[in-house]
K.L.:
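After the structure tokens below, expect a handful of questions from me.
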Number of protein chains: 2
Amino acid sequence: MSTSTEPTAVVSYEFDRDTAVTLREPGVYDADLSAGWTIIHAVNGGYLLALLGRALGDHLPHPDPFTISAHYLTPSVPGPAVIRTETVRTGRTLSTGQASLFQYAEDGTEVERIRVLASYGDLDALPDDVRTAATPPAMAPIENCFSAADNPAPRIPGSSAIADRLDLRLDPACVGWAVGAPSGRGEMRAWFGLADGRDPDPLSLLLAVDALPPTSFELGLKGWTPTVELTTHVRCRPAPGPLRVSITTRNLAGGFLEEDAEVWDSADRLVAQSRQLARAPRP
Amino acid sequence: MSTSTEPTAVVSYEFDRDTAVTLREPGVYDADLSAGWTIIHAVNGGYLLALLGRALGDHLPHPDPFTISAHYLTPSVPGPAVIRTETVRTGRTLSTGQASLFQYAEDGTEVERIRVLASYGDLDALPDDVRTAATPPAMAPIENCFSAADNPAPRIPGSSAIADRLDLRLDPACVGWAVGAPSGRGEMRAWFGLADGRDPDPLSLLLAVDALPPTSFELGLKGWTPTVELTTHVRCRPAPGPLRVSITTRNLAGGFLEEDAEVWDSADRLVAQSRQLARAPRP
């Protein structure tokens with residue numbers, strides 16, 4: 001169960017290199033938060049979730065996150081971190097674990113950044129029965145969507161290193177915010193890939209659900225939308241090729257909003273569903 | 001912060017009596033799982049969540065669950081239990097805590113049933129801004145809906161004590177399962193109240209999101225749909241009067257399904273949103 005801690009297994013792509021964890025002692029992993037996955041100065045929450053997900057997948061007897069609930073405690077910064085994992089319960093088809101990511105204060109004490117509770121299983125062991133009523137999001141073809149290199153460039157103002165590691169193509173219907181004309185609808189849709197061509201897997205799905213601009217931009221709200229809690233269900237191992245991510249906010253109230261994400265793979269399967277509670281930017 | 005442990009404060013209604021917790025020592029609460037909230041022999045997961053929610057609300061500096069993620073580990077049975085809580089982080093507007101509910105094996109050792117991670121705040125301190133695109137579910141008027149006393153009686157086969165403590169009125173469009181004619185749609189809707197007239201509050205919302213018959217019944221599947229994980233966002237303190245609960249399943253695949261619940265209060269406000277991942281009954 002230690003393949004993910006062998007550097008040789010994780011050097012080929014940026015995402016794998018930057019989510020690598022090194023076993024320090026049973027259940028304890030050293031990690032280094034890369035500056036390459038930041039938005040302005042904040043480390044992306046989906047990238048952090050993937051790091052915790054990798055550590056848990058190494059620690060637990062089952063490989064894949066079926067449902068992972070993350071509560072974000074304090075802002076993470078690039079640099080060293082330690083992930084402490086705990087096996088809560090192991091069963092035949094599912095095992096449940098907990099993990100916390102800590103960074104270090106100036107005096108060396110550990111400061112907890114995120115805590116997650118997750119149930120893992122083996123996606124390859126699931127039966128093929130599918131009785132879904134879900135349909136893929138209505139999205140413009142990828143060649144008609146906008147990347148950070150286009151004009152208008154749907155880039156979050158300020159330097160966002162993560163934009164260079166993602167191949168995000170935003171649906172034209174959701175880029176109004178980039179030209180000062182937000183749609184007023186709490187919708188964000190994009191084709192999602194990794195810039196270096198790495199194919200999706202359950203860990204990169206944890207990044208995909210939190211990698212788009214916030215729906216609050218299209219609601220005409222500028223500024224930071226910090227995640228309080230993010231729960232992701234991985235429902236299927238994604239097929240190679242670009243993903244489609246559709247995020248919807250229905251209820252902005254009391255200074256908080258939910259973001260519901262669906263991730264579809266190139267085989268038209270719903271591969272992940274997530275919901276987060278986030279603080280709305282101050283109007 | 002100990003009002004919920006003073007019996008005098010919690011004797012008036014069944015729900016409060018049966019979710020009462022008694023402080024044993026700082027962070028540790030004794031509880032007794034009532035047989036009054038069982039479905040067949042299983043203790044209802046929403047009732048258990050409310051118990052944990054009450055203990056955390058007592059332990060944390062903030063009173064209301066804003067987002068609470070529960071992973072269900074082993075089946076709970078009526079009888080004594082102990083809830084161990086931990087303060088993970090306290091902030092000005094939010095505090096995060098963890099709680100586990102344990103029962104006792106024959107040899108007296110503790111067996112963990114459920115673990116939750118939650119962020120609490122103060123619903124009364126939230127601003128009034130509401131920019132929601134959500135609309136209440138289309139539901140038949142309560143007088144046209146079906147209670148367990150009606151014919152057809154939408155009762156889960158077998159003795160379910162919880163049916164006597166709830167005032168559930170199922171939408172006629174979702175009771176086909178009770179007469180062997182499921183709609184084939186993953187939808188379940190009901191008016192929800194407590195039989196003894198207790199008005200809703202944030203804790204009873206935690207019960208409401210998991211108290212309806214499973215959507216799998218309307219998909220033509222019989223049998224148990226055990227919850228793996230259930231995350232609930234409480235968005236607003238509910239107004240007095242009956243609640244409307246609408247549950248939707250879009251993706252039944254690989255032996256698992258999600259249940260998305262919305263709870264609306266009598267003032268037409270979306271007061272809670274939840275999603276759970278559950279095991280589908282064997283076809």
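Proteins come first, then strands; the chains are lettered A, B, ... in the order of their sequence lines, and each starts at number 1.
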K.L.:
Relative to chain A, which of B:D260, B:L94, B:V228 shows the most heavy atom pairs under 4.5 Å?
P.N.:
B:L94
K.L.:
Picking from A:A133, A:G91, A:P127, which has the most non-hydrogen pairs under 4.5 angstrom with chain B?
P.N.:
A:P127
K.L.:
What residues form a side-chain contact (heavy atoms from CB on, under 4.5 Å) with A:S246, not counting sequence neighbours?
P.N.:
A:P137, A:R189, A:T248
K.L.:
With respect to chain B, which residue among A:G186, A:A118, A:C236 yields the maximal number of heavy-atom pairs within a distance under 4.5 Å?
P.N.:
A:A118
K.L.:
For A:S119, is it the side chain, the backbone, both, or neither that has a heavy atom closer than 4.5 Å to a heavy atom of chain B?
P.N.:
both
K.L.:
If you count heavy-atom pairs within less than 4.5 Å of chain A, which of B:Q98, B:H233, B:R89 leads?
P.N.:
B:H233
K.L.:
Does the side chain of A:V130 reach to within under 4.5 Å of the side chain of B:L252, using non-hydrogen atoms?
P.N.:
no
K.L.:
Are the side chain of A:S69 and the backbone N or O of B:S69 linked by a donor-acceptor pair below 3.5 Å?
P.N.:
no
K.L.:
Please look at A:R279 and chain B and tell me whether the side chain, the backbone, both or neither of the residue comes under 4.5 angstrom of a heavy atom of that chain.
P.N.:
side chain
K.L.:
State, yes or no, whether a side-chain contact exists between A:T67 and B:H71 at a heavy-atom distance under 4.5 Å.
P.N.:
yes
K.L.:
Do the side chains of B:V88 and A:L73 get nearer than 4.5 Å, heavy atoms only?
P.N.:
yes
K.L.:
Which atoms of B:L123 come close to chain A, meaning under 4.5 Å heavy atom to heavy atom: side chain ones, backbone ones, both, or neither?
P.N.:
neither
K.L.:
Out of B:R275, B:Q276, B:E229, which residue meets the side chain to side chain contact (heavy atoms under 4.5 Å, CB included) rule with A:T231?
P.N.:
B:E229
K.L.:
State which residues pass salt bridge (charged side-chain N to carboxylate O under 4.0 Å, His left out) with B:R115; sequence neighbours excluded, sorted by chain then number.
P.N.:
A:E86, B:E112
K.L.:
To the nearest 0.5 Å, tell me how far B:Q273 CD sits from A:L277 CG.
P.N.:
8.5 Å
K.L.:
Under the 3.5 angstrom rule, does the side chain of B:R235 hit a backbone N or O of A:F256 as a donor-acceptor pair?
P.N.:
yes
K.L.:
When heavy-atom pairs shorter than 4.5 Å are enumerated against chain B, which of A:L257, A:L126, A:D128, A:L117 gives the highest number?
P.N.:
A:L117
K.L.:
Looking at chain B, which one of A:G254, A:G255, A:A253 has the largest number of heavy-atom pairs inside 4.5 Å, strictly under?
P.N.:
A:G254
K.L.:
Non-hydrogen atoms of chain A under 4.5 Å away: do they reach the side chain of B:T90, the backbone, both or neither?
P.N.:
neither
